[in-house]
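The block underneath contains the structure these notes are about, expressed in structure tokens.
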Amino acid sequence: MMNTADLIEAIKRGRNPREMVPEYAANYRNTLQKIGATYDWDREINSSDPGYYKWTQWIFLLLYKKGLAYRATAPINWCPSCKTGLANEEVKEGRCWRCDSLVEKRPLPQWYFKITEYAERLLTDLADIDWSDGVKQMQREWIGRSEGAGVDFKVQGTGETITVYTTRPDTLWGATFMVLAPEHPLVDQITTASQRDAITQYVKKAQSTNDMDRMNAERTKTGEFTGAYAINPVNGENIPIWIADYVLTGYGTGAIMAVPAHDQRDFEFARKYGIDIRLVYRISEDQDSSRMVEAVPLGGKMEDFGTAEEFPFTGIENEKSSIAPIIDWLSNKGIATKKIQYKLRDWLISRQRYWGAPIPIIHCSKCGEVAVPDDQLPVTLPDVQNYQPSGTGESPLATIPEFVNTTCPQCGGAAKRETDTMGGFACSSWYFLRFADPNNADEFASQKSLNYWLPVDMYSGGVEHAVMHLLYARFWTKVMFDEGLVNFTEPFKTLRNQGSMLAWTPGRKPKHDADGGGEDSVVDWIVLKPEERADYPEDEIVWRWARMSKSKGNVVTPEDMCDRFGADSLRVYELFVAPFEDNVQWSEDGINGAYRFVSRIWRWCITAIPQYQPGWKQSLADSKLSDKDQKTRRKLHQSIRKIGTDLEDFKFNTAIASLMELVNEAYIYRPVEEQPDNAIVLSELLESIILLLAPFAPHVSDELWSRIGKAGSTYHTVWPTIDAAAATENEMVIILQVNGKLKDKLTVSTDTANDLIKELALANEKIIEAIEGKSVKNVIVVPKKLVNIVVA
RNA sequence: GCCCAGGUGGUGGAAUCGGCAGACACAAGGGACUUAAAAUCCCUCGCCUUUACAGGCAUGCGGGUUCAACUCCCGCCCUGGGCACCA
């Protein structure tokens with residue numbers, strides 16, 4: 001795979017990623033083979049291979065031709081350590097998701113994918129897929145749909161109009177000022193002469209404030225008056241226009257109407273600058289806006305803003321459902337227009353890196369931006385010495401004339417290639433399609449193979465990809481569906497999230513200035529990289545559990561564990577130690593237990609094998625079974641059922657626990673040093689146990705499978721069938737309680753009538769003792785479960 | 001601040017359409033086997049009182065509903081994750 005971690009590693013070691021990728025791939029392959037992961041290695045793909053990224057570029061051009069890829073200059077998230085731009089989704093708590101450095105804003109020309117155009121479909125289609133609620137919720141919130149209205153305000157004394165976006169147009173009557181983002185395009189025009197200096201200064205300050213601080217909602221609000229006034233369209237009043245950095249440029253129109261009585265942010269701002277607070281909804285007669293301590297977003301009744309004919313809403317409740325009719329009313333009057341907004345931003349795909357698929361665009365001074373024609377794909381990475389990032393915001397490719405200089409495909413004149421590459425998430429947004437037809441040189445995959453293999457039935461990945469890979473892949477799939485290239489709209493029908501391995505990792509407190517830490521910081525811990533650790537004072541190191549990752553240098557390699565305990569033990573341990581989706585604090589305690597369990601099964605099977613009868617199934621019908629035989633078969637068939645359903649539910653830990661119980665039962669049925677009672681039941685048990693073990697410990701299972709004389713792998717055999725009759729219990733345990741407290745247990749046949757159970761309970765010695773001298777108020781019989789005697 | 005998930009023995013975890021709390025393991029202690037160790041096998045193992053029999057208390061804390069609450073309701077506390085001035 002073409003990924004940034006590999007590039008960082010290559011830079012660190014002063015090596016060329018081109019050489020390292022095959023080594024890394026071989027390493028992964030060895031590990032996977034060692035632990036017995038079954039992949040079809042004929043389908044292995046490598047996204048850094050031009051044969052692969054040719055198609056990434058091809059899809060880029062598809063998006064480009066559909067107007068879904070564009071270049072724009074905007075302040076982007078810039079990681080000073082990785083020396084490249086980052087997508088919104090790659091910034092976590094103001095930091096680079098990969099290296100934790102504080103991101104900066106830099107205005108740079110960058111390529112974007114118009115994922116926002118698919119916001120609605122990305123949201124609604126979540127309903128049709130079987131994913132965890134957590135991931136769906138994260139995507140929903142990331143897309144951030146809101147319904148509201150755009151309202152036009154005229155600027156007094158100019159011809160200008162400013163449109164604001166609001167989800168609460170019903171509070172227009174309480175708008176006492178307007179706020180523009182400092183970057184709003186009209187700021188300069190509307191600012192009056194007397195306010196110009198102050199405004200210029202404020203804008204400058206806002207630009208230099210880092211994003212981390214600016215986004216901090218706890219910070220006290222600041223702003224500056226422009227000197228201009230807007231006209232409130234519902235009542236013709238003049239309201240002052242301010243600028244403040246609590247209004248964001250990228251969302252809505254970058255301008256808001258401020259209703260301090262009903263919005264907390266506006267309230268704080270109004271209080272600070274002494275602006276009017278006017279109620280639209282009143283909670284009580286004596287509510288006084290000058291004495292309010294906080295805004296009241298919901299609750300109260302609408303004030304009187306006109307006669308019944310002019311204003312039909314007097315007295316309505318301040319609740320969400322009141323908003324829609326007012327939007328309709330306002331839009332009939334031409335004051336507002338219904339509008340839907342999303343928090344989702346376009347996906348920034350440019351990276352200023354050597355190692356990535358080059359963006360297949362040519363810049364021609366005559367023709368402008370020109371797509372590289374399909375027959376000239378792939379645009380390959382040049383083989384170079386210097387692939388380090390420049391840090392100037394320009395890709396290292398820009399310094400290579402042989403790469404940059406080319407001819408325009410349209411006019412044939414001299415032209416320059418785009419030097420940005422695509423982030424790794426471009427390549428991973430479609431790789432699952434390539435697996436269907438990995439070596440196809442003519443298409444990204446043939447229709448026939450796509451129809452056969454896709455969409456993906458079961459996909460497993462970490463939650464950390466919730467709003468990155470998993471969102472991007474859905475987007476690309478929908479674009480390709482619209483082009484008729486695939487016949488499904490969602491790439492992954494079912495998604496299960498596995499937990500991560502956590503390692504006990506050294507770190508440190510953030511330094512105030514350098515890391516953006518300090519009192520109010522959301523970041524309170526930073527990983528000490530292995531190379532930093534050596535000369536860091538021991539008593540200042542703060543240890544924590546952190547996700548294992550190459551970059552943190554805290555990984556435990558599976559190879560080592562395999563060498564010491566065997567692949568089967570490692571697999572059993574990892575599945576048994578915690579539920580699939582839970583994170584696991586890595587420790588070696590317990591892996592020995594897994595080893596012991598695998599050995600225990602092995603020993604039991606080995607001593608049972610001499611008695612094995614391949615034809616047990618036929619003999620079973622004619623043979624008489626002892627109580628002991630029946631009990632064992634009951635446990636066996638209950639286990640087959642339980643393990644089967646647990647596997648389907650991804651409950652591997654309890655599946656293994658059930659198998660352990662079965663093995664314990666097997667030892668009771670036939671301790672290793674004794675002769676068997678019934679070779680037929682023993683044979684069934686043996687064969688079944690081998691098969692039940694196979695998903696967890698395939699190597700041991702296959703070996704045992706061949707030792708009972710079977711050909712081929714257990715993986716080519718069917719799961720044992722449940723004998724429902726054998727699995728049925730013929731006895732049940734009834735709990736006997738007095739006032740809800742356990743007194744005794746009763747074992748009866750499953751067909752015992754409730755009346756009889758009640759009788760038996762009341763005749764029970766322990767019960768008689770417990771209720772002696774008290775009056776029985778009530779006797780509750782829960783069928784097949786318990787009897788509770790209520791006494792006073 | 002908001003949203004989501006969770007809080008159960010020394011440890012990992014089981015059990016939630018309300019019905020035996022602690023399955024299955026790990027660790028620990030004791031015993032058997034062994035020249036010894038490893039491996040294996042057996043026993044003990046939530047806390048407190050008690051020689052024992054037995055009893056009491058226990059699923060983050062405080063209330064509530066119920067014959068019965070780890071499970072449902074209300075109010076807190078804590079941990080992890082996500083979002084973070086989105087108007």
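Letters go in sequence order (proteins before strands), and every chain restarts at 1.
Rounded to the nearest Å, the gap between the P atom of B:A37 and that of B:C20 is 44 Å. Annotation: B:U34 and B:C70 have their C1' atoms spaced 46 Å apart (nearest Å). Distance check on atom P: B:C17 versus B:A25 gives 25 Å, rounded to whole Å. On the C1' atoms, B:C78 is 7 Å away from B:G60, given to the nearest whole Å. Annotation: B:G80 and B:A23 have their P atoms spaced 29 Å apart (nearest Å). Taking atom P in both B:C77 and B:A28, one finds a spacing of 39 Å when rounded to whole Å. Using atom P as the reference point in both B:C33 and B:A38, the two lie 15 Å apart (nearest Å). B:U8 and B:C57 are spaced 15 Å apart, taking the C1' atom of each and rounding to whole Å.
At the heavy-atom level, A:S658 lies nowhere under 4.0 Å from the strands shown. Among the protein residues, A:K343 comes within range of the nucleic acid bases, having at least one heavy atom under 4.0 Å from a base atom. Nucleic acid contact class of A:N664 (heavy atoms, under 4.0 Å, all strands): sugar-phosphate only. Residue contacts for A:K745: at a heavy-atom cut-off of 4.0 Å it reaches a base atom on one of the strands shown.
Put simply, the side chain of A:T226 gets close to the backbone of A:I241: a donor and an acceptor are under 3.5 Å apart. In this structure, the side chain of A:R474 does not engage the main chain of A:H469 through any donor-acceptor pair within 3.5 Å.
Between A:R345 and A:V463, the residue anchored nearer the 5' end of RNA chain B, judged by the nucleotide with its closest heavy atom, is A:V463. Comparing A:A255 and A:I735 by the nucleotide of RNA chain B that holds the closest heavy atom to each, the one mapping nearer the 5' end is A:I735.
The interatomic distance linking A:F565 (CZ) with B:A38 (C1') rounds to 14 Å, in whole Å. Atoms CG (A:L786) and P (B:C20) sit 7 Å apart, rounded to a whole Å. A:L470 places its CG atom 15 Å from the P atom of B:G82, with the value rounded to the nearest Å. Note: CH2 (A:W97) to C1' (B:G81) measures 17 Å, nearest angstrom. Distance, A:M468 CE to B:G82 P: 10 Å, rounded to whole Å. One can place CG of A:D133 at 14 Å from C1' of B:G82, the figure rounded to the nearest angstrom. Taking atom CH2 of A:W604 as the reference point, atom P of B:C41 lies 15 Å away to the nearest angstrom. Look at CD on A:E769: it is 10 Å from C1' on B:A54, rounded to the nearest Å.
Base-pair partner of B:U79: B:A5 (Watson-Crick or G-U wobble, both distances under 3.5 Å). Across all strands shown, the partner of B:A28 is B:U44, judged by Watson-Crick or G-U wobble contacts whose two distances both fall under 3.5 Å. Partner assigned to B:G62 is B:C74, using Watson-Crick or G-U wobble distances below 3.5 angstrom. Summarising the base pairing, B:A52 is matched to no nucleotide, lacking a Watson-Crick or G-U wobble pair whose two defining distances lie under 3.5 Å. Look at B:A14: it lacks any Watson-Crick or wobble partner with both distances under 3.5 angstrom. As the counterpart of B:A36, no nucleotide is assigned, since no Watson-Crick or G-U wobble pattern has both distances under 3.5 Å. Nucleotide B:G22 has no partner under the Watson-Crick or G-U criteria, as no pair reaches both atom distances under 3.5 Å.
OP1 and OP2 of B:C24 both lie 4.0 Å or more from every side-chain N or O belonging to A:R596. Contact check, A:Y246 against B:A87: no side-chain N or O comes under 4.0 Å of OP1 or OP2. Close to B:A87, at under 4.0 Å from its OP1 or OP2, lies no side-chain N or O of A:K339.
With respect to A:K743 and A:E769, no salt bridge is recorded, no charged nitrogen being found less than 4.0 Å from a carboxylate O. A:E147 and A:K339 are not joined by a salt bridge, as no carboxylate oxygen comes within less than 4.0 angstrom of a charged side-chain nitrogen. Under a 4.0 Å N-O distance rule, the pair A:E581/A:R496 does not qualify as a salt bridge. Ion pair A:E665/A:K635 not flagged as a salt bridge, since none of the NZ, NE, NH1 or NH2 atoms sits closer than 4.0 Å to an Asp/Glu carboxylate oxygen.
You'll find the ring centres of A:F425 and A:W97 inside the 6.0 Å limit. For an aromatic pair to be called close, the ring centres must be under 6.0 Å apart, and A:Y573 with A:W586 satisfies this. Not less than 6.0 angstrom separates the ring centroid of A:W347 from the ring centroid of A:Y112. For A:F652 and A:F576, the gap between ring centers reaches or exceeds 6.0 Å.
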Carefully, step by step, assess A:F269 and A:F177 under the rule ring pair (Phe, Tyr, Trp, His ring centres under 6.0 Å). CA-CA 10 Å; A:F269 193 84; A:F177 59 108; 5.6 Å; yes
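Here the side chain of A:N788 is nearest to one of B:C57, B:C67, B:A23, namely B:C67. Comparing B:U40, B:A87, B:G19 by their nearest atom to the side chain of A:Q737 picks out B:G19. When the nucleotides B:C67, B:A87, B:C83 are ranked by their closest atom to the side chain of A:W142, B:C83 comes out on top. Nearest to the side-chain atoms of A:Y165 among the listed nucleotides B:C83, B:A87, B:C85 stands B:A87. Considering only side-chain atoms of A:A657, the nucleotide from B:G19, B:A87, B:A23 that sits closest is B:A23. The A:R600 side chain lies nearest to B:C41 when the options are B:A25, B:C57, B:C41. In the set B:A87, B:C41, B:G19, the nucleotide with an atom closest to the side chain of A:I780 is B:G19.
Checked by atom type, the side-chain pair A:E120/A:Y342 shows a donor-acceptor distance below 3.5 Å.
The base of B:C85 lies close enough to the side chain of A:K221 for a donor and an acceptor atom to sit less than 3.5 Å apart.
By the rule that a glycosidic angle within 90° of 0 means syn, B:G9 counts as syn.
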What donor-acceptor contacts under 3.5 angstrom involve side-chain atoms of residues 733-740 of chain A, with partners at least two apart or in another chain?
from: A:N739; atom 1: OD1; to: A:V791; atom 2: N; distance (Å): 2.9
from: A:N739; atom 1: ND2; to: A:V791; atom 2: O; distance (Å): 3.4

Encode nucleotides 3-15 of chain B as B, S and - characters from 5' to 3', where the letter depends on protein heavy atoms closer than 4.0 Å: B to the base, S only to sugar-phosphate, - to neither. S--------BSS-
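Near RNA chain B, meaning a heavy atom under 4.0 Å away, the residues from residues 586-594 of chain A are A:D589, A:G590, A:G593.
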